[in-house]
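Read the structure below first, then the notes.
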Amino acid sequence: MTGTGRIHVYYGDGKGKTTAAVGLAVRAAGYGLKVLFFQFLKDNSSNERKILESLSNVTCLQGREPVKFVSKMNRDERAEIRHYNNKALDEIVKFCGGFDMLVLDEALCALQLDVLSEEKLIGFIQHKPRGLEIVMTGHQVTDSVLEIADYATEVKKVKHQFDLGRSAREGIEF
């Protein structure tokens, strides 16, 4: 890929942020680009990973197991997951040089929950390899991330089955 890689942000309270990021990764992989995929705040069993791992030019980095909701963590656990996420980002920075696209699923949620350093993430984005496209998802976007984004898409919930008390369905919502 030639030129300067762009920064993509999918955020909001609607369904489809990860789906959009995965679709973009599949499109890039279909074109022959090399994709690196990492999920913050999720374990390694998400269904989108299954198909991505089957694609020869997509590399899915292993995340932390098991994953607990941050809201259920005590202070020490939150500090531990913040340390883990910051170390994971450090490793991604070292590893991403040979890739055309990097998907950081739920990175914006990790920022929002203060279990990922915004300073570290912004620093990486500002000094990323020249051609690397970076795709980030989450519920809220900070002003700093929005400012450096080339694409920002807000996914707005108008209607959702959770509002009716219905559970998430495997293969559809997760």
Side-chain angles (χ1 to χ4, degrees), residues 6-31 33 35-55 57-75 77-78 80-82 84-86 88-89 92 101-118 121 125 133-174:
R6 307 265 197 289
I7 309 302
H8 307 248
V9 173
Y10 294 99
Y11 73 99
D13 63 357
K15 178 185 177 323
K17 298 173 292 290
T18 296
T19 305
V22 169
L24 189 54
V26 168
R27 175 182 285 160
Y31 184 71
L33 301 179
V35 178
L36 183 60
F37 186 85
F38 183 77
Q39 293 180 298
F40 292 93
L41 309 177
K42 293 181 180 177
D43 64 20
N44 300 301
S45 66
S46 67
N47 286 313
E48 57 269 12
R49 285 182 67 97
K50 293 175 187 173
I51 195 68
L52 289 173
E53 288 171 347
S54 74
L55 301 174
N57 49 340
V58 176
T59 300
C60 294
L61 296 175
Q62 291 293 310
R64 185 182 169 100
E65 296 264 4
V67 174
K68 183 179 185 181
F69 286 115
V70 173
S71 62
K72 306 279 189 215
M73 293 180 182
N74 63 38
R75 198 173 75 161
E77 289 169 323
R78 285 177 70 97
E80 182 182 329
I81 194 71
R82 181 178 170 85
Y84 175 86
N85 287 336
N86 287 327
L89 184 58
I92 290 165
M101 177 178 285
L102 169 63
V103 177
L104 297 173
D105 188 35
E106 301 294 356
L108 302 177
C109 286
L111 289 180
Q112 174 190 350
L113 295 167
D114 196 31
V115 292
L116 178 65
S117 164
E118 183 175 30
L121 180 63
I125 293 169
E133 297 278 322
I134 299 178
V135 182
M136 295 177 285
T137 69
H139 294 286
Q140 294 178 9
V141 63
T142 66
D143 291 339
S144 299
V145 171
L146 193 56
E147 186 177 314
I148 61 174
D150 297 295
Y151 302 94
T153 302
E154 183 177 7
V155 181
K156 182 179 180 196
K157 179 187 78 157
V158 175
K159 188 176 185 179
H160 199 291
Q161 293 297 292
F162 288 163
D163 297 337
L164 302 174
R166 295 186 178 146
S167 297
R169 297 167 297 155
E170 191 165 4
I172 304 298
E173 283 86 22
F174 70 98

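This chain uses plain numbering: 1 for the first residue, then up along the sequence.
Nearest heavy atoms, Gly63 versus Phe38: CA-CE1, 3.8 Å. Of all heavy-atom pairs between Leu111 and Leu121, the closest is CD1-CD2, 3.6 Å. In terms of heavy atoms, Ile125 sits closest to Ile7 at CG2-CD1, 3.6 Å. His139 and Cys109 get closest at one heavy-atom pair: CD2-SG, 3.1 Å. The two residues Gly138 and Lys17 make their nearest non-hydrogen contact at O-CD, 3.2 Å. Closest non-hydrogen pair, Gln39 versus Ser46, comes out as OE1-OG, 2.9 Å.
The CZ atom of Phe40 sits 10.0 Å away from the CE atom of Met136 when rounded to the nearest 0.5 Å. The structure places CD1 of Ile81 at 7.0 Å from CG of Leu41, a figure rounded to the nearest 0.5 Å. Atom NE2 in His8 sits 11.0 Å away from atom CG in Leu102 (nearest 0.5 Å). Distance CG/Leu24 to OG1/Thr137: 12.0 Å, rounded to 0.5 Å. Here the CG-CZ distance, from Asp43 to Arg49, works out to 8.5 Å after rounding to the nearest 0.5 Å.
Counting only residues at least two apart or in different chains, side-chain hydrogen bond (donor to acceptor under 3.5 Å, both in side chains) contacts with residues 140-155 comprise Glu118-Thr142. Among residues at least two apart or in separate chains, salt bridge (charged side-chain N to carboxylate O under 4.0 Å, His left out) pairs with a member in residues 156-165 are Lys157-Asp163.
Two residues are said to be in side-chain contact when any heavy atoms from C-beta on lie closer than 4.5 Å; Glu133 and Val103 fail this criterion. The closest side-chain heavy-atom distance from Asn57 to Val35 is not below 4.5 Å. Here the side chains of Leu104 and Ile92 are in contact, with some heavy-atom distance below 4.5 Å. Between Phe37 and Thr59 the shortest side-chain heavy-atom distance does not fall below 4.5 Å.
Remark: the Asn86 side chain and the Ser117 side chain contain no N/O donor-acceptor pair separated by less than 3.5 Å.
Ionic pairing of Glu48 and Lys42 is present here: one or more N-O contacts between side-chain nitrogen and carboxylate oxygen are shorter than 4.0 angstrom.
The neighbour count for Ile51 CD1, taken as heavy atoms of other residues, nucleotides or ligands under 6.0 Å away, does not exceed 12.
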- Message: Could you walk me through whether Val26 and Leu52 satisfy the side-chain contact (heavy atoms from CB on, under 4.5 Å) test, starting with their C-alpha distance in whole Å, then the side-chain angles of each, then the deciding distance to 0.1 Å, before giving a yes or no?
- Response: CA-CA 8 Å; Val26 168; Leu52 289 173; 4.0 Å; yes
